[in-house]
Asks: 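Before anything else, here's the structure in question.
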Amino acid sequence: MARIRRALADVPRAETPGEVPVERTYHRVHGDRGSAETVDLLSEHLADYRAIVHRADTPDHTGTPEAPGAPGAPSLPALIARLLADRGATSVAVPPGLPASWLSDVPDAVRRVPDTAELTPHDLDAVSSVVTACAVAIAETGTVVLDATPDQGRRRITLVPDHHICVIRVPDQVVGSVPEALERLDPARPLTWISGPSATSDIELDRVEGVHGPRTLEVILVGPQTAGRS
């Protein structure tokens, strides 16, 4: 606090922060990567953070077929169904705005749990998995940002269940840097920034996953930029 007081010693008491313009001369974009390279960088950094990355082809959220992706890549509904089956999921939390087609291949035996105000943390703790979209993904940091819009649901549904499947539409939802991401986000919304599964090393530097959120994060990159990549 003493250092802060010394730094502010010559500032008039009546002056407010809004009266002094701040030069923001930092670089927004780093390098000259193309969209495919940016998506590949995102995939690498997600994997570095121990997220499990998948590629898929699918119609977009309006139902219009996108350009073809990787040869032999599964459709998004088929991949989501397989990931839930591999997990042994018996229930899945569903945001109100999630495209219905995304879960069209999931058997009816897997109970859909709508994101409603009545859901309690205890209810969510009994849910096997959650499937959401995202707001934006940042390649340079391997970060996925959720902003609680209808296709993502409220923050609680992505913090309590132990398994989160997050769908990123590429290249539209992928940016290179944090400044580029901030330009797309509304700071008034409840933002959740995710860099890999929940983990902490607070106790004796031993890494423990699943403490503050899902133990397993699976990311699906879906769209035309999946071509030729694993």
Asks: Can you find a pair of side-chain heavy atoms, one from Val144 and one from Cys134, that are under 4.5 Å apart?
Replies: yes

Asks: If I take atom NE2 from residue His54 and atom CD1 from residue Ile80, how far apart are they, to the nearest 0.5 angstrom?
Replies: 10.5 Å

Asks: Which atoms form the tightest heavy-atom contact between Cys166 and Leu146, and what is the distance?
Replies: SG-CD2, 4.3 Å

Asks: Look at atom CG of Asp32 and say whether more than 12 heavy atoms of other residues, nucleotides or ligands are closer to it than 6.0 Å.
Replies: no

Asks: Yes or no on side-chain contact (heavy atoms from CB on, under 4.5 Å) for Trp193 and Ile138, after CA distance, side-chain angles and deciding distance?
Replies: CA-CA 10 Å; Trp193 297 64; Ile138 307 168; 3.5 Å; yes

Asks: So, does Glu180 use its side chain to make a donor-acceptor pair with the main chain of Gly176 at under 3.5 Å?
Replies: yes

Asks: Consider only side-chain N and O atoms of His164 and Thr132, and report whether a donor and an acceptor are under 3.5 Å apart.
Replies: yes

Asks: Using the rule that Ile, Leu, Val, Met, Phe, Trp and Tyr join whenever any side-chain heavy atoms are under 4.5 Å apart, tell me whether Val167 and Leu83 fall into a single cluster.
Replies: yes

Asks: List the atom of Pro161, the atom of Arg156, and the distance in Å for their closest heavy-atom pair.
Replies: CD-O, 4.1 Å

Asks: Are side-chain heavy atoms of Ile168 and Val219 found at a separation under 4.5 Å?
Replies: yes

Asks: Membership question, hydrophobic clusters at under 4.5 Å side-chain separation (ILVMFWY): are Val170 and Ile194 in the same one?
Replies: yes

Asks: Arg189 side chain to Ala148 main-chain N or O, any donor-acceptor pair under 3.5 Å?
Replies: yes

Asks: Looking only at heavy atoms, what is the nearest atom pair of Asp123 and Glu118, with distance?
Replies: OD2-O, 3.8 Å

Asks: Checking Asp151 side chain against Gly97 main chain: does a donor-acceptor pair fall under 3.5 Å?
Replies: no

Asks: Report the C-alpha separation of Arg155 and Asp147 in whole Å, then their side-chain angles, then the decisive distance to 0.1 Å, and conclude whether the salt bridge (Lys or Arg N to Asp or Glu O under 4.0 Å) test is met.
Replies: CA-CA 8 Å; Arg155 184 182 307 198; Asp147 64 359; over 6 Å; no

Asks: Going only through I, L, V, M, F, W and Y residues with side-chain contacts under 4.5 Å, is there a path from Val131 to Leu79?
Replies: yes

Asks: Once you round to the nearest 0.5 Å, how far does CG of Asp115 lie from CG of Leu98?
Replies: 11.0 Å

Asks: How many angstroms lie between atom CD of Glu44 and atom CD of Glu37, to the nearest 0.5 angstrom?
Replies: 10.5 Å

Asks: Please step through side-chain contact (heavy atoms from CB on, under 4.5 Å) for the pair Ile220 and Leu76, ending with a clear verdict.
Replies: CA-CA 8 Å; Ile220 302 177; Leu76 180 59; 3.7 Å; yes

Asks: Which atom names give the shortest non-hydrogen contact between Ile157 and Pro95, and what distance separates them?
Replies: CD1-CG, 3.9 Å

Asks: Could you grab the distance from atom CD of Glu140 to atom OG1 of Thr38, nearest 0.5 Å is fine?
Replies: 8.5 Å

Asks: If you compare all heavy atoms of Arg112 against all heavy atoms of Leu103, which two are closest, and at what distance to 0.1 Å?
Replies: NH2-O, 3.1 Å

Asks: Looking at Ser91 and Ala126, what are the two nearest heavy atoms and their distance?
Replies: OG-O, 3.7 Å

Asks: With a 3.5 Å cut-off and no angle check, do the side chains of Glu218 and His163 form a donor-acceptor pair?
Replies: yes

Asks: Is a donor from one side chain sitting under 3.5 angstrom from an acceptor on the other, for Ser43 and Asp40?
Replies: no

Asks: Between Tyr49 and Ser195, is any pair of side-chain heavy atoms under 4.5 Å apart?
Replies: yes

Asks: Judged by atom type as modelled, is there a donor-acceptor pair below 3.5 Å linking the side chain of Arg55 to the main-chain atoms of Gly223?
Replies: no

Asks: Do Leu84 and Ile52 belong to the same hydrophobic cluster, where Ile, Leu, Val, Met, Phe, Trp and Tyr are linked whenever their side-chain heavy atoms lie under 4.5 Å apart, directly or via other members?
Replies: no

Asks: Using the rule that Ile, Leu, Val, Met, Phe, Trp and Tyr join whenever any side-chain heavy atoms are under 4.5 Å apart, tell me whether Leu185 and Val178 fall into a single cluster.
Replies: yes

Asks: Does Gln173 use its side chain to pair, donor to acceptor, with the backbone of Arg169 at less than 3.5 Å?
Replies: yes

Asks: I want to check something: taking the side chain as every heavy atom from C-beta on, are Val92 and Val113 in contact at a cut-off of under 4.5 Å?
Replies: no

Asks: Atom CZ of Arg87 and atom OG of Ser128: how far apart are they, to the nearest 0.5 Å?
Replies: 8.0 Å

Asks: Step by step, work out the side-chain contact (heavy atoms from CB on, under 4.5 Å) result for Val145 and Thr143.
Replies: CA-CA 6 Å; Val145 186; Thr143 302; 4.2 Å; yes

Asks: Roughly how far apart are Leu42 CG and Leu221 CG, rounded to 0.5 Å?
Replies: 6.0 Å

Asks: Evaluate side-chain contact (heavy atoms from CB on, under 4.5 Å) for Thr141 paired with Ser177, printing each intermediate quantity in order.
Replies: CA-CA 8 Å; Thr141 61; Ser177 67; over 6 Å; no

